[in-house]
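Below, each value reflects all heavy atoms present in this structure, side chains not excepted, and no hydrogens, waters or symmetry copies.
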Amino acid sequence: MQAPMAGGVQVPRGSGSTVRLRRGSSLTDFAEKINANPAALVTVLFHLGEMATATQSLDEDTFRLLGSELGYEIQVVSPEDEDRELLESFSIDLEGEAEQDEEYLEARPPVVTVMGHVDHGKTKLLDAIRHANVVAGEAGGITQHIGAYQVHFEHDGVERAITFIDTPGHEAFTAMRARGAKVTDIAVLVVAADDGVMPQTIEALNHAQAAGVPVVVAVNKIDKEGANPSKIRQQLTEYNLVAEEYGGDTMFVDISAKQRINIDAVLEAVLLTADAALELTANPDKNARGIAIEANLDRGRGPVATVLVQSGTLHVGDAIVAGTAYGRVRAMLDENGGALDSAPPSRPVQVLGLTSVPRAGDTFLVAPDDRTARQIAEKREAVERAAVLAKRRKRISLEDFTKALEQGKVQTLNLILKGDVAGSVEALEDALLQIDVGDEVELQVIDRGVGAITMNNVNLAVASNAIIVGFNVRPAEKVGDLAEREGVDIRHYSVIYQAIEEVEAALKGMLKPEFEEVQLGSAEVREVFRSSKFGNIAGCLVRSGEIRRNAKARLVRDGVVVSDHLAIESLRRFKDDITEVRDGYECGIGLGSFNDIKVDDVIETFEMREKPRV
């Protein structure tokens with residue numbers, strides 16, 4: 001039935017019938033569903049106070065408004081349903097496979113997430129378990145990235161494997177820690193015996209309980225003065241964690257990660273809890289499925305993803321799709337860098353061969369062939385792009401516009417986020433979007449990505465008047481010059497909390513730093529000379545500005561900062577010690593005890609100058 005609308009436009013009326021639309025659909029998509037002319041819907045929407053083209057991605061509210069006017073119930077398909085329908089269109093049926101699994105199920109190792117308050121010793125515990133030092137390379141001794149590792153332990157005469165996921169320990173990483181709880185079977189809650197239950201301890205516990213996973217409590221630092229393990233047990237009874245010695249069912253283990261006391265008892269508690277509370281099985285004889293825990297762009301190897309296989313077995317040569325990334329598994333590495341041919345359930349591996357960097361938390365699956373993998377990834381990307389465009393579109397009616405004029409202009413701070421790994425970018429975005437400074441100022445993340453800051457990022461920042469936030473990354477070559485020329489503000493951080501604090505201060509109009517970093521010069525390493533007396537000396541060509549002796553320096557490799565706390569300790573031209581070298585000249589640079597220098601690295605020098613308060 002045709003119904004005359006405002007302006008004499010004829011549009012078919014619905015009688016309460018439901019129309020299912022994907023996220024980011026356009027008026028043309030809606031018109032196809034109800035057999036109408038897209039131009040007529042544009043006119044109807046215009047009379048409702050909304051302006052949009054026929055091919056523009058629209059948000060859910062706009063479709064609901066249009067649907068109620070035309071008598072249709074609009075149902076926007078959830079991302080999960082959307083993805084399921086997409087996979088079904090490629091004859092990949094997740095539910096059907098789950099039903100067939102039961103007769104082929106085999107036991108799999110437990111996946112354990114280590115959680116707890118910052119500085120309570122989570123990384124030290126993992127360090128003790130793996131006998132490897134992962135603390136030294138982290139900014140401020142705080143875990144910045146997620147990692148996954150598998151260890152072996154003999155229990156009841158049988159060697160058992162346990163997979164550990166290391167989640168960062170600050171509340172800014174809530175999103176990553178919550179995801180860690182979703183992929184995990186058991187949570188190990190680390191609490192310092194001399195510090196007690198802290199806010200992030202409770203937050204970590206809430207994530208574990210919300211995910212419905214059993215908890216093993218590791219009471220750490222029992223060797224320190226003032227340690228009181230029994231007090232920890234009493235405090236945690238308030239949060240439904242009752243120790244076995246108090247008649248509860250939660251295993252508590254008193255440990256010292258530093259002195260490596262009772263580490264085996266933690267592994268034993270994990271296996272006892274897994275055997276008692278869980279039935280951990282998976283079908284290893286099918287195509288692999290799982291989750292990308294972490295991903296980054298490596299200079300020599302390209303996109304590298306750390307994935308956790310949850311079911312099936314992943315083989316070298318498999319065609320895989322992880323979110324919007326796809327490719328063929330060229331190589332698989334374990335946590336020690338050793339090559340693997342296959343990865344069974346609960347095995348974390350680094351995968352090489354993807355065409356782009358997936359996001360942390362993306363699910364991955366093995367596709368029948370390369371072509372199918374590419375098509376799934378491309379369709380997902382198109383759907384996602386449409387959804388983002390719909391989200392970005394600011395709906396404003398005449399009434400809203402008048403109200404905005406009366407109240408004063410709403411200011412928006414646009415940000416572009418770039419980081420060295422996907423997990424950091426996701427966590428940073430999540431933390432920034434939670435900053436609350438009232439209704440007068442709005443924060444919008446218009447783009448995010450992994451890798452060095454590029455020309456495209458700067459051009460987008462120019463077009464949208466945005467600030468670029470770089471987390472452990474630097475601008476690619478010539479990008480810094482373009483940013484300076486165009487007046488784009490690029491801010492660099494190596495610790496996530498500093499970024500959050502400065503953005504919050506900027507939103508509140510309180511950002512008045514006393515010092516600012518001023519770039520002095522940069523030099524490209526052309527050759528590395530090894531000296532038994534002075535360590536590695538970098539033979540460099542000064543590319544811009546000047547290099548001064550004793551100036552602060554950083555070493556950048558492929559756009560990513562390798563070390564940030566260096567100084568030009570020696571500067572030579574031929575055999576002469578000199579104080580400075582200008583651009584276009586060659587020189588020898590010594591960075592003191594720092595010897596990790598490679599050809600094509602860039603040494604940047606800078607100084608901190610006092611900035612007048614505004």
Intermediate values then yes/no, salt bridge (Lys or Arg N to Asp or Glu O under 4.0 Å), Asp194 and Lys221: CA-CA 7 Å; Asp194 63 333; Lys221 305 188 183 182; 5.0 Å; no
Short N-O contact, Glu335 and Arg347, less than 4.0 angstrom: yes
Residue pair Glu524, Arg543: steps toward the side-chain contact (heavy atoms from CB on, under 4.5 Å) verdict: CA-CA 7 Å; Glu524 184 178 346; Arg543 293 196 316 192; 3.5 Å; yes
Closest heavy-atom pair and its distance - Ala257, Ile263: CA-CD1, 4.2 Å
Within 6.0 angstrom of Glu607 CD, more than 12 heavy atoms from elsewhere: yes
Carboxylate-amine/guanidinium contact Arg64 Asp61, below 4.0 Å: no
Taking every non-hydrogen atom, the tightest pair across Phe471 and Ile496: CE1-N, 3.4 Å
Basic-acidic side-chain contact under 4.0 Å: Arg233, Asp254: yes
Side chain Thr113, main chain Ile165, donor-acceptor under 3.5 Å: no
Minimal non-hydrogen separation, Leu432 against Ile500, with atom names: CD2-CA, 4.0 Å
Arg554 to Phe606, cation-pi by 6.0 Å centre distance and 45° axis angle: yes
Test side-chain contact (heavy atoms from CB on, under 4.5 Å) applied to Leu460 and Asn414, Asp447, Ile468, the passing residue: Asp447
Check: Gly423 main-chain N/O paired with Glu294 side-chain donor or acceptor under 3.5 Å: yes
Derivation and outcome, salt bridge (Lys or Arg N to Asp or Glu O under 4.0 Å), residues Glu426 and Arg448: CA-CA 9 Å; Glu426 182 187 331; Arg448 68 201 59 71; over 6 Å; no
Value rounded to 0.5 Å, distance of CG in Leu241 from CG in Leu236: 5.5 Å
Rounded distance [0.5 Å steps], CG in Leu308 versus CD in Gln150: 9.0 Å
Over all atoms of both residues, closest heavy-atom pair of Pro229 and Ile222: CG-CG2, 4.0 Å
Inter-residue atom distance Asp195.CG - Ile232.CD1, 0.5 Å rounding: 8.0 Å
Trace of the side-chain contact (heavy atoms from CB on, under 4.5 Å) decision for Val602 with Val525: CA-CA 6 Å; Val602 175; Val525 179; over 6 Å; no
Polar side-chain atom of Thr355 near backbone of Tyr326 as donor-acceptor pair, under 3.5 Å: yes
Step-by-step side-chain contact (heavy atoms from CB on, under 4.5 Å) determination, Val469 to Leu428: CA-CA 10 Å; Val469 172; Leu428 183 57; 4.0 Å; yes
CA sep, side-chain torsions, deciding dist, call: Arg609, Glu517, salt bridge (Lys or Arg N to Asp or Glu O under 4.0 Å): CA-CA 6 Å; Arg609 288 184 192 162; Glu517 182 182 305; over 6 Å; no
Electrostatic pair Asp596:Arg557 at N-O distance under 4.0 angstrom: yes
Side chains of His120 and Asn220, donor plus acceptor under 3.5 Å: no
No-hydrogen, no-angle side-chain donor-acceptor test under 3.5 Å, Ser346 and Thr163: no
Heavy-atom closest pair, residues Val458 and Ala483: CG1-CA, 3.9 Å
For Arg299, salt bridge (charged side-chain N to carboxylate O under 4.0 Å, His left out) partners two or more places apart: Asp600
Trace of the side-chain contact (heavy atoms from CB on, under 4.5 Å) decision for Ile453 with His492: CA-CA 10 Å; Ile453 296 163; His492 304 284; 4.1 Å; yes
Closest heavy-atom pair and its distance - Val188, Ala218: CG1-CB, 4.1 Å
Spacing of CZ belonging to Arg474 relative to NZ belonging to Lys418, to within rounding of 0.5 Å: 13.5 Å
Lys/Arg-Asp/Glu bridge criterion (N-O < 4.0 Å) met for Asp489, Arg491: yes
Approximate separation, where rounding is to 0.5 Å, of Asp298 CG and Asn296 CG: 6.0 Å
Any donor-acceptor N/O pair, Asp420 side chain to Val473 backbone, under 3.5 Å: no
Value rounded to 0.5 Å, distance of CG in Leu520 from CD1 in Ile568: 9.5 Å
Donor on one side chain, acceptor on other, Glu502 and Tyr493, under 3.5 Å: yes
